[in-house]
Amino acid sequence: MADLFPAGEGPASSDADQALGARLVEAAADGRPLRVKLGIDPTGSDIHLGHSILFRKLRAFQDAGHTAVLIIGDFTARIGDPTGKSSTRVQLTAEQVEANATTYLQQLGQGQDPAHALVDFDTPGRLEVRRNSEWLAALNLPQVIELLATSTVGQMLAKEDFAKRYGSGTPIVLHEFLYPLLQGYDSVAVRADIELGGTDQKFNVAMGRDLQRHWRQRPQFGLLLPILPGLDGVQKMSKSLGNTVGLSEDPLSMYSKLEKVPDAVVDDYLTLLTDLDLAALPANPRQRQKAMALEVTRARHGLAAAQQAQLDAATLVGGAAGAGAADAEVPEASLAAVNFPARAFYLLSAVGVCASSSEARRQIQGGGVRLDGQKLADANQEFASAAELDGKVLQLGKRTFRRLVMP
RNA sequence: GGGUCGGUGCCCGAGUGGUUAAUGGGGGCGGACUGUAAAUCCGCUGGCUCUGCCUACGUUGGUUCAAAUCCAACCCGGCCCA
């Protein structure tokens, strides 16, 4: 049980914790695993470190013998969770949602080396993967009305996001009120004992408790975990804010992003993403960043890859880019899509380093582009063939590196 | 349904007939600096293998030599009334 509580969250510290402790004891006595619900909406294609806090906790429950009920919100993804949103979310098609769900499961470690998997997919009885369309798509109007009848407009408007939008005159579409109800209903459908979520999920998790009570189930225990700050150190880590580290990113980009998170949040990253002992780490802020970045990268990619990434980051970013670039391990970019002869600005966009050739032109003019360490001065510089570029390292700014390779 | 105000580039937000991808801020990216950063300063911030050519101010038409700016219809939203 101990590893279900990170340092400082001892089970006896508050009523809420006692309730959770009591359930764990009870479950042990009955020989019945608890059903731990974690819902994730497949609205994007990447899972990032912010999500992984929840999955680490879910994994801890699995390892303690409980059943993780992973809910793929394939139905709710199409409504869009209004939490933290200042506007209505774009509705996704069933196909997009299904594709996202598949990549999510892969990123969580389905069908991969269990050593690096975030979730235990293999031990029998430890994982149920459910899609909420299973029960939500089948609701008929009387059932939907019953669901709607459980809460009031006042309750909905008490939710911060709704209140804010209502107050500022930003439209709230009626169906958005359904979202918390449906997420809550998921808890009823899977008979959850515990629901994991970020603290921003409080409203929705509480809704689950209400609905379970309504359907005469024992209300779930809501275990709300802290939100991971993003790379900017200010806002929460979120895809739409562009401050994320994706779980499937290569070691180098993962490491180099992490080693520069603001000092103020390094300790948050350490407690939320690693098992390292804070006291045992170097006090020097720079050292601490590196230790954190190394450990987080290691957990995902293994020690060797993480150390290599650390080394590469040092040679590439640390001044002498030209010298180190030649042998550092850098993600490759194929020249297959490039039509030669190629001008520099076109090359950058064709190879995917810049979003457009106009942007590439600006970057070159701004002096941010290097080829094998040498600054590219002329956006119109022409390269005659792929052979001339093969093996060279293209650099944009301080953190984007691509080794150009022949198809 | 009626009244009224409004829909501008990633976001906010100027701009009410005439050099111009369109003031300003935020964010983002790049450069200098630094312990990587943050702070500060500087530059960039529609697209296109590009010394030029395209597409842009809700949509579609119209007036005009000329429209984001005027007119009409339509679509969408806020507020008030029903």
Side-chain angles (χ1 to χ4, degrees), chain A residues 84-88 90-91 162 164-174 176 229-235 238-245 252-269 282-294 296-297 309-321 324 335 337-371 375-386 388-389 394-401:
Chain A
K85 293 286 176 301
S86 52
S87 58
T88 308
V90 188
Q91 296 201 29
F162 287 139
K164 228 186 268 168
R165 283 164 62 185
Y166 191 66
S168 72
T170 310
I172 300 170
V173 184
L174 223 39
E176 294 183 73
L231 292 174
D232 54 20
V234 180
Q235 292 180 282
S238 146
K239 181 93 182 181
S240 55
L241 295 172
N243 59 3
T244 63
V245 179
L252 180 59
S253 85
M254 186 178 261
Y255 178 88
S256 47
K257 280 183 181 177
L258 287 168
E259 74 161 356
K260 60 180 64 157
V261 299
D263 294 347
V265 296
V266 169
D267 282 3
D268 289 336
Y269 275 52
N284 176 298
R286 184 68 182 131
Q287 300 289 310
R288 222 173 162 87
Q289 280 178 320
K290 288 186 172 176
M292 181 277 288
L294 184 67
V296 174
T297 309
Q310 186 170 49
L311 213 64
D312 290 345
T315 48
L316 289 171
V317 183
L335 291 166
V338 184
N339 294 318
F340 286 92
R343 306 235 226 168
F345 65 86
Y346 159 73
L347 177 73
L348 288 245
S349 76
V351 128
V353 170
C354 288
S356 70
S357 60
S358 297
E359 185 193 318
R361 154 157 296 199
R362 285 182 228 118
Q363 293 290 13
I364 294 170
Q365 281 164 354
V369 180
R370 289 164 183 274
L371 187 63
K375 188 178 278 186
L376 263 180
D378 180 10
N380 288 317
Q381 183 175 342
E382 200 167 274
F383 300 96
S385 69
E388 168 180 357
L389 292 167
L394 191 61
Q395 175 184 4
L396 171 67
K398 285 174 189 158
R399 31 186 143 142
T400 309
F401 298 88

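Just the heavy atoms: all of them, side chains too, but no hydrogens, waters or symmetry mates, feed the values below. All chains are named by letter (A, B, ...) in the order of the sequence lines, taking the proteins before the strands, and each is independently numbered beginning at 1.
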Write down the distance separating the [atom1] atoms in [N] and [M], rounded off to the nearest Å.
N	M	atom1	answer
B:rG2	B:rC74	P	10 Å
B:rG61	B:rG27	C1'	37 Å
B:rU16	B:rC11	P	23 Å
B:rC71	B:rU64	P	16 Å
B:rU59	B:rC75	C1'	7 Å
B:rC5	B:rU55	P	35 Å
B:rU49	B:rG28	P	28 Å
B:rA56	B:rU20	C1'	14 Å

Using OP1 and OP2 only, check whether a side-chain N or O of [X] sits under 4.0 Å from [N].
X	N	answer
A:K398	B:rA37	yes
A:R362	B:rG47	yes
A:S357	B:rG47	no

Considering Watson-Crick and G-U wobble pairs with both distances under 3.5 Å, what does [N] pair with?
N	answer
B:rG61	B:rC71
B:rU55	none
B:rC79	B:rG3
B:rA14	none
B:rA66	none

Mind checking the [atom1]-[atom2] spacing from [X] to [Y]? Nearest 0.5 Å is all I need.
X	Y	atom1	atom2	value
A:E382	A:E388	CD	CD	9.5 Å
A:Y346	A:N380	OH	CG	14.5 Å
A:E359	A:I364	CD	CD1	10.5 Å

Exercise for the section: Please check if the side chain of A:Q289 supplies one atom and the backbone of A:V266 the other of a donor-acceptor pair under 3.5 Å. Expected result: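 No, A:Q289 side chain to A:V266 backbone: no donor-acceptor pair under 3.5 Å.
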Completion exercise
On RNA chain B, more 5' by nearest nucleotide between A:S356 and A:G397 is A:G397
Handout entry: Pairwise 5' ranking along RNA chain B for A:N284 and A:V338, keeping only the more 5' one
Key = A:N284
Categorize [X] for me: base, sugar-phosphate, or nothing, with a 4.0 angstrom heavy-atom threshold over every strand shown.
X	answer
A:Q289	base
A:N339	base
A:D263	base

Figure out the [atom1]/[atom2] separation between [X] and [N], and round it to whole Å.
X	N	atom1	atom2	result
A:F345	B:rU49	CZ	P	7 Å
A:L396	B:rG31	CG	C1'	12 Å
A:Q363	B:rG43	CD	P	16 Å
A:R370	B:rG31	CZ	C1'	10 Å
A:L174	B:rG77	CG	P	13 Å
A:K290	B:rG35	NZ	P	12 Å
A:R286	B:rA37	CZ	P	8 Å
A:Q235	B:rG26	CD	P	15 Å

Handout entry: Min side-chain heavy-atom separation A:Y269-A:V245 under 4.5 Å
Key =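 Side chain of A:Y269 against side chain of A:V245, heavy atoms only: no contact under 4.5 Å found.
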Exercise for the section: For residues A:V338 and A:L389, determine if any side-chain heavy atom of one lies less than 4.5 Å from a side-chain heavy atom of the other. Expected result: no
Practice task
Could you tell me whether A:Y166 atom OH has more than 12 heavy atoms of other residues or ligands within 6.0 Å of it?
Solution key: no
Problem - Donor-acceptor pair (no angle test) under 3.5 Å: A:R361 side chain, B:rC50 base - result: yes
